[in-house]
Protein chains: 2
Amino acid sequence: MNEKSISRSAKSAVPPRKRIMSAARDLFYRLGIRAVGVDAIAEAAATNKMTLYRHFGSKDVLIEAYVQELADEADARWEAIIAAHPDDARAQVKAWLDHVEQVVNCSGERGCALANAAVDLRGPDHPAVHIVDAYKMRKRARLIDLFARAGYENPEVLADEVFLLFEGARLSLQCYGGPEGPGARLMMMLRRLLSDPSRP
Amino acid sequence: MNEKSISRSAKSAVPPRKRIMSAARDLFYRLGIRAVGVDAIAEAAATNKMTLYRHFGSKDVLIEAYVQELADEADARWEAIIAAHPDDARAQVKAWLDHVEQVVNCSGERGCALANAAVDLRGPDHPAVHIVDAYKMRKRARLIDLFARAGYENPEVLADEVFLLFEGARLSLQCYGGPEGPGARLMMMLRRLLSDPSRP
DNA sequence: CAGCACTGGTACTGATCGGTAACATCTGCT
DNA sequence: AGCAGATGTTACCGATCAGTACCAGTGCTG
């Protein structure tokens with residue numbers, strides 16, 4: 001019965017499609033999408049190229065699924081943050097700031113995986129780029145909406161400022177790793193910008 | 001005498017090394033470093049692969065020279081801005097803002113070529129990445145120095161804020177092309193931040 | 001003229017990569 | 001047991017890419 005899960009080595013506890021996607025996420029993010037071949041992904045997923053191609057018709061399809069999964073997860077994280085504090089926009093802002101702090105302080109940060117994917121794929125206009133662009137636009141629109149509900153003046157301008165600071169920080173953290181550098185000051189800037197709903 | 005320059009078709013007016021570097025700059029920026037092969041560069045430079053390899057021992061050397069040239073040019077542009085207004089830090093700030101506006105409004109913007117190169121090459125730690133990192137650190141240090149000389153309070157914090165906004169804008173302009181979107185508001189934010197040397 | 005340095009062109013190697021075919025194996029289900 | 005579907009394994013194809021060998025043309029200089 002449940003022997004099936006144990007007879008096979010631990011890898012089979014999770015189906016191959018998930019293993020492939022997991023391996024692709026790791027390798028794509030660490031080494032870049034173009035730099036990783038399908039053989040490497042299959043090997044890292046403890047499977048082979050054929051199984052990969054049976055689940056994803058081509059590398060482009062896999063790339064698209066990878067980008068889509070990242071965007072979906074980011075959307076879900078946002079929804080969770082919002083849902084955790086219903087009808088309390090100020091608390092939602094605070095929770096989002098905590099989430100940002102967690103992201104920025106995460107070691108091994110190599111920037112936004114979606115942004116990196118867009119850079120990797122924008123040359124030969126890959127369909128996955130549209131997913132990234134659409135996600136970034138959703139993100140900005142959600143910030144505007146959140147800041148408007150929280151009662152800030154000029155929510156559009158504020159959202160753009162926060163958005164650019166965040167994007168710039170994730171990009172710059174790749175050069176300035178440590179607590180020195182502009183990225184580390186991001187939280188201070190964001191908290192100052194969002195400290196009071198009424199600002200000039 | 002000068003017949004040599006005319007006998008050859010117009011391409012020979014500029015030596016092959018310059019043509020190769022020029023072609024590499026265009027293709028690397030538009031399509032990505034990894035996505036462009038040396039054959040394509042040689043063809044775009046109206047020469048062949050052999051001449052390319054006689055001037056640059058390998059593609060990695062060419063990449064390094066490409067990144068170095070970008071960094072050198074950016075350094076030179078900064079020096080020119082500073083030198084154009086000697087002993088007048090406020091005017092230097094204003095001139096730099098004009099330069100930023102010019103960069104941001106330039107069509108066909110595909111983000112900072114150095115940042116894109118770093119994303120492309122950071123996977124397999126390419127020596128050129130260090131050039132990018134060093135340049136970004138110089139850039140931040142120069143902003144701090146400029147703002148300190150201009151009499152702003154907290155020049156480090158201000159420089160980091162300006163730096164992140166600028167980097168984020170160049171990254172985001174790839175998704176939000178037009179005058180809508182966060183990138184377009186960059187100049188407004190920067191001018192507000194730098195409007196008065198004495199700010200909270 | 002002779003020699004030399006630089007350039008262009010062609011063709012090649014060896015490796016890698018995306019993708020496929022054919023066959024063997026294993027699993028779950030009846 | 002026995003079947004069907006999913007998975008693993010191996011070998012292969014065609015294309016591309018970085019890098020090289022070899023030869024031919026050109027212009028300069030002694």
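So that the names make sense, note that chain A is the first sequence line, chain B the second, and so on, each numbered from 1.
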Here the residues of residues 33-41 of chain B within 4.0 Å heavy-atom distance, strictly under, of DNA chain D are B:Val36, B:Gly37, B:Val38
Side-chain touch B:Ile63/B:Phe28, heavy atoms, less than 4.5 angstrom: yes
Check every atom of C:dT7, D:dA18, D:dG8 against the side chain of B:Thr51 and return the nucleotide holding the closest atom. C:dT7
So does A:Leu194 get a backbone contact from the side chain of A:Tyr152, meaning a donor-acceptor N/O pair under 3.5 Å? yes
Side chains of B:Gln102 and B:Asp98: do they bring a donor and an acceptor to under 3.5 Å? no
Among D:dG8, C:dT7, D:dA18, which nucleotide sits nearest the side chain of B:His55? C:dT7
Here the distance between atom P of C:dG18 and atom CG of A:Leu27, to the nearest Å, is 12 Å
Give a yes or no on this: more than 12 heavy atoms of other residues, nucleotides or ligands lie within 6.0 Å of atom CG of B:Asp87. no
Do B:Lys59 and D:dG19 have a side chain to base donor-acceptor pair shorter than 3.5 Å? no
Distance check needed: D:dA18 P versus B:Met50 CE, whole Å only. 15 Å
Residue pair B:Lys49/A:Ser58 against DNA chain C: nearer the 5' end by closest nucleotide is B:Lys49
Whole Å only: how far is the NE2 atom of A:His126 from the P atom of C:dG18? 12 Å
Distance criterion of 3.5 Å, no angle test: do you see the side chain of B:Arg54 paired donor-to-acceptor with the base of C:dG8? yes
Does a donor on one side chain and an acceptor on the other come within less than 3.5 Å for B:Asp88 and B:Gln92? no
Measure the distance from CG on B:Leu62 to C1' on D:dG19 and round it to the nearest whole Å. 14 Å
For the backbone of A:Leu31 and the side chain of B:Arg122, can you confirm whether one donor and one acceptor N or O come within less than 3.5 Å of each other? no
Length of the CG-C1' vector between B:Asn48 and D:dC22, whole Å: 13 Å
How long is the line joining OH of B:Tyr53 and C1' of C:dG9, in whole Å? 16 Å
Taking CG from B:Leu52 and C1' from D:dC17, how many angstroms apart are they, rounded to a whole number? 13 Å
Check this for me: B:Glu43, atom CD, are more than 12 non-hydrogen atoms of other residues, nucleotides or ligands nearer than 6.0 Å? no
In whole Å, I'd like the distance from the CZ atom of B:Arg19 to the P atom of C:dC6. 15 Å
